[in-house]
Amino acid sequence: MMIRFWIFLGIGVMFLSEASHAQRKKDQDTSAHIYQPGRIEFDVSDYGEEYRVINGEEDGLLVTIETEDRGEGGFNWTFHYVDTALNKVWTRIYPVPYESYLTGYEYHDGQFFLLYNVSRYRNEDMLLLIIDIDKVEITEVEINTVFPVQLTYFEVLANNIIFAGYTNFRPVLLTFDLDEQKPRVVPGFYNNNSDILDLIIDDDAGMFTVIQSERMQNRKYTVRAKTFTPSGDLVQNNTVLPGDKKNLVDGASTIFFGGFQYIAGTYSKKSSQYSRGLYLAKFVNGRQQFIRYHEYADLTNFFGYMNERREQRIKDRIERKRAKGKKARFSYRLLVHDIIERGDEYLMIAEAYYPRYSSYSNSNPYYWNNSGRYNPSFMGYKYTHAVVVSFDRNGNIIWDNSFEINDIETFGLEEFVAVNTYEDQVVLMYLEENTIRSKVVRGNEIVEGKTFNPVRLSYAEDEVKTRDPEVEGLKVWYDQTMYAYGEQRIHNDNAVGGDYSRKVFYINKIKYQVGEVN
């Protein structure tokens with residue numbers, strides 16, 4: 001009956017209906033709450049320029065351009081400071097010694113800090129550039145750490161620089177007082193039994209916390225949180241007691257406040273990087289009050305990133321196991337973000353991934369693995385989904401939700417999903433192929449399913465021809481604002497805005513608005 005009906009109406013009506021359906025799907029897939037109120041472009045040449053964006057939060061952004069132009073004693077770097085409306089405020093060109101390479105950057109109290117290794121062969125010699133955004137002044141500070149350090153963390157607190165990294169494959173923590181111009185090694189880190197997982201700064205309290213993974217006597221691992229003053233004096237030392245049958249894979253911490261501290265992460269049964277579930281531990285004045293464990297099978301929406309049929313098969317399997325008095329066990333690798341405190345709940349965000357390998361062949365490139373050795377069959381990490389879990393103050397799960405991640409593969413682990421909270425909602429976004437992919441949840445409820453917003457271009461006639469997948473990302477900026485950045489080659493048939501073709505590095509301002517957007 002339906003076939004006769006379509007034949008009767010004719011082919012033209014069929015095409016019209018299909019076009020209307022496609023338009024409805026397109027409208028449905030575009031977020032009604034996400035908009036892009038600003039964009040700035042920088043011309044990119046084909047002569048080895050490298051762009052970076054340093055987040056200054058409410059004070060704007062610093063765009064750095066590493067060039068091959070020779071200046072007085074080094075290659076010229078260009079610094080553009082833009083405000084929160086993405087207006088260019090000022091530009092400075094500054095030479096950096098020829099063999100130098102940028103190893104860390106940070107923003108603190110009206111100043112941008114850029115740390116360079118001045119030699120590729122002497123990791124103990126460093127140059128710190130301090131850029132004052134109001135005075136438009138650049139100050140140089142020479143730093144020597146005495147021994148070589150492979151940096152993994154670089155932070156600024158009060159008038160101190162904090163370094164964390166490795167020397168001789170052992171973890172090390174140093175502070176550097178900008179007034180005294182002296183480095184200080186913080187004791188208690190240089191050993192073979194621990195790794196530094198995170199470095200958390202609390203500007204309000206004037207303290208910082210180091211999260212460590214530490215091997216216990218039973219050869220399993222636990223997590224330790226050490227809190228220090230800016231100069232490196234120990235304030236609190238909290239070690240999670242996981243129990244004999246648990247291995248803590250990783251962890252993140254809340255800031256240390258009034259003697260209270262929460263540590264959350266993933267755990268396994270054996271000494272494995274593949275975790276079985278999540279945990280939350282609470283400390284009061286250095287004493288552990290509790291630790292709560294939650295297996296992935298106990299979460300409501302952990303498998304919501306799958307298609308409906310596959311998700312239902314997983315849930316049916318879980319129920320069959322429960323009916324027999326057994327548990328369905330699942331193993332995942334999760335990259336844990338910092339914990340977000342919101343009222344009486346603690347939000348833990350993590351991204352699930354797995355390593356990909358191929359059979360060895362002479363054509364395969366070589367890459368470093370975690371042990372510092374070459375692994376010729378390693379093909380990178382494939383991301384599957386992000387999960388957000390809300391804990392109450394007693395370690396119980398209030399709600400959980402998930403967000404599918406498509407097409408993200410990388411050779412280095414990094415956070416791709418940017419997370420922000422607005423009133424009682426949580427917004428998850430990431431950038432891929434010039435498209436902002438997002439999902440909005442309110443507890444277990446989905447406020448807005450996965451949407452696809454194209455990165456807004458400067459002119460209606462613009463068309464993106466190519467992009468550099470290695471140079472793009474999406475980050476939390478300030479308040480209800482994020483920013484996306486990347487490199488595009490754009491064609492414009494009418495040469496609106498200049499040439500017919502241009503290559504640009506762009507920054508787009510992104511905001512989320514509760515309710516309808518005008």
Side-chain angles (χ1 to χ4, degrees), residues 195 197-198 211-225 239-253 262-282 288 290-306 310-337 339 346-356 370 381-392 394-405 413 417 444:
D195 284 299
L197 299 176
D198 201 2
I211 309 298
Q212 294 175 265
S213 173
E214 193 168 282
R215 188 169 63 186
M216 300 180 291
Q217 291 183 351
N218 62 4
R219 296 186 178 276
K220 293 184 179 181
Y221 285 83
T222 186
V223 171
R224 181 189 297 268
T239 303
V240 179
L241 304 176
D244 294 336
K245 297 183 179 181
K246 297 293 193 298
N247 176 80
L248 303 189
V249 179
D250 54 22
S253 170
Y262 287 86
I263 300 174
T266 62
Y267 75 93
S268 61
K269 292 295 181 69
K270 300 178 181 180
S271 298
S272 169
Q273 291 297 311
Y274 287 91
S275 58
R276 290 283 185 87
L278 311 174
Y279 73 88
L280 182 76
K282 178 183 179 181
Q288 181 172 315
F290 62 74
I291 183 168
R292 303 275 190 269
Y293 292 100
H294 306 275
E295 295 197 358
Y296 294 130
D298 296 331
L299 302 182
T300 303
N301 296 301
F302 184 83
F303 304 100
Y305 71 96
M306 301 176 177
R310 185 182 173 197
E311 180 187 8
Q312 191 57 51
R313 286 202 303 267
I314 294 292
K315 289 184 175 181
D316 290 343
R317 174 186 166 191
I318 293 172
E319 290 304 318
R320 288 196 300 269
K321 289 279 188 177
R322 284 176 178 167
K324 297 178 181 179
K326 300 180 180 179
K327 291 184 177 181
R329 305 190 187 281
F330 301 91
S331 297
Y332 281 86
R333 283 191 175 192
L334 264 63
L335 178 63
V336 179
H337 295 213
I339 298 173
Y346 299 91
L347 302 182
M348 174 182 165
I349 297 96
E351 297 175 51
Y353 67 93
Y354 61 90
R356 298 177 63 242
N370 292 333
Y381 299 105
K382 171 74 173 178
Y383 288 69
T384 59
H385 67 293
V387 58
V388 54
V389 180
S390 169
F391 294 96
D392 65 19
N394 296 316
N396 302 308
I397 291 180
I398 304 173
W399 56 267
D400 70 274
N401 230 307
S402 64
F403 178 36
E404 180 186 10
I405 301 176
L413 287 176
V417 176
N444 289 317

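This one's a predicted model, so the numbers in the text were calculated from it and none came from an experiment.
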Visitor: Going through the distances and angles, do Ile263 and Leu280 end up as a side chain to side chain contact (heavy atoms under 4.5 Å, CB included)?
Guide: CA-CA 6 Å; Ile263 300 174; Leu280 182 76; over 6 Å; no
Visitor: Go through the steps to decide whether Lys315 and Glu311 satisfy the test salt bridge (charged side-chain N to carboxylate O under 4.0 Å, His left out), and finish with yes or no.
Guide: CA-CA 6 Å; Lys315 289 184 175 181; Glu311 180 187 8; 3.2 Å; yes
Visitor: Quick one: does any side-chain atom of Asp400 pair with a main-chain N or O of Asn301 as donor and acceptor, under 3.5 Å?
Guide: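 Yes.
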Visitor: Does Ser275 reach the main-chain N or O of Ser268 with its side chain, forming a donor-acceptor pair under 3.5 Å?
Guide: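 It does not hold such a pair.
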Visitor: Side-chain contact test, heavy atoms from C-beta onward, threshold under 4.5 Å: evaluate it for Asn247 versus Lys269 and give yes or no.
Guide: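 They are not in contact (no side-chain heavy atoms under 4.5 Å apart), so the answer is no.
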Visitor: Aromatic rings Tyr262 and Tyr346: how do their planes relate, parallel, tilted or perpendicular, breaks at 30° and 60°?
Guide: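 Geometry flag for Tyr346 against Tyr262: tilted rings.
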Visitor: Would you sort out whether Val388 and Trp399 count as a side chain to side chain contact (heavy atoms under 4.5 Å, CB included), showing the intermediate values?
Guide: CA-CA 9 Å; Val388 54; Trp399 56 267; 3.9 Å; yes
Visitor: Atom OG1 in Thr222, atom CG in Leu248: separation rounded to 0.5 Å?
Guide: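 Spacing of OG1 (Thr222) from CG (Leu248) equals 4.5 Å.
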Visitor: Would you say Asn394 has more than 12 foreign heavy atoms packed within less than 6.0 Å of its CG?
Guide: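 Yes - once you tally the heavy atoms of other residues, nucleotides and ligands closer than 6.0 Å, there are more than 12.
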Visitor: Check whether any side-chain N or O of Tyr293 sits under 3.5 Å from a backbone N or O of Pro242 as a donor-acceptor pair, and report yes or no.
Guide: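 Present.
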Visitor: As a quick check of understanding, evaluate ring pair (Phe, Tyr, Trp, His ring centres under 6.0 Å) for Tyr296 and Tyr332, giving each step before the final call.
Guide: CA-CA 9 Å; Tyr296 294 130; Tyr332 281 86; 5.7 Å; yes
Visitor: For Asp195, what residues pass the side-chain contact (heavy atoms from CB on, under 4.5 Å) criterion, not counting sequence neighbours?
Guide: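 side-chain contact (heavy atoms from CB on, under 4.5 Å) list for Asp195, sorted by chain: Tyr166.
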Visitor: Please enumerate all residues that pass side-chain contact (heavy atoms from CB on, under 4.5 Å) together with Tyr274, with sequence neighbours excluded.
Guide: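 Residues passing side-chain contact (heavy atoms from CB on, under 4.5 Å) with Tyr274: Ser272, Ser331, Arg333, Pro355.
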Visitor: Return the set of residues passing side-chain contact (heavy atoms from CB on, under 4.5 Å) with Arg292 (not counting sequence neighbours), or none when no residue passes.
Guide: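 By the side-chain contact (heavy atoms from CB on, under 4.5 Å) rule, Arg292 matches Phe290, His294, Asn396.
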Visitor: For the pair Glu351 (side chain) and Val417 (backbone), establish whether a donor and an acceptor sit closer than 3.5 Å, ignoring hydrogens and angles.
Guide: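 Indeed, once roles are kept as given, a pair shorter than 3.5 Å links the two residues.
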Visitor: In terms of heavy-atom contacts, does CZ of Arg310 have more than 12 from other residues, nucleotides or ligands at under 6.0 Å?
Guide: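 Result for CZ/Arg310: open.
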Visitor: Is the ring centre of Phe303 less than 6.0 Å from the ring centre of His385?
Guide: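 No: the rings miss the under 6.0 Å criterion.
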Visitor: Kindly say whether Thr384 contributes a backbone atom to a donor-acceptor pair with the side chain of Glu404 at under 3.5 angstrom?
Guide: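 No, Glu404 side chain to Thr384 backbone: no donor-acceptor pair under 3.5 Å.
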Visitor: Start with the C-alpha distance between Glu214 and Arg224, add both sets of side-chain angles, then the distance that settles salt bridge (charged side-chain N to carboxylate O under 4.0 Å, His left out), and finish with yes or no.
Guide: CA-CA 7 Å; Glu214 193 168 282; Arg224 181 189 297 268; 2.6 Å; yes
Visitor: Under the criterion side-chain hydrogen bond (donor to acceptor under 3.5 Å, both in side chains), I'd like the reasoning laid out for Thr266 against Asp250: C-alpha separation, chi angles, the key distance, then a yes or no.
Guide: CA-CA 6 Å; Thr266 62; Asp250 54 22; 2.8 Å; yes
Visitor: May I ask you to check whether Tyr279 and Tyr267 place their ring centers less than 6.0 Å from one another?
Guide: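 Here the rings of Tyr267 and Tyr279 have centres that are no less than 6.0 Å from each other.
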Visitor: Kindly say whether Gly395 contributes a backbone atom to a donor-acceptor pair with the side chain of Asp392 at under 3.5 angstrom?
Guide: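 At least one qualifying donor-acceptor pair exists.
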Visitor: Just by modelled atom types, is the Asp244 backbone N or O under 3.5 Å from a matching donor or acceptor in the Lys220 side chain?
Guide: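 Judged by distance alone, yes, a pair lies under 3.5 Å.
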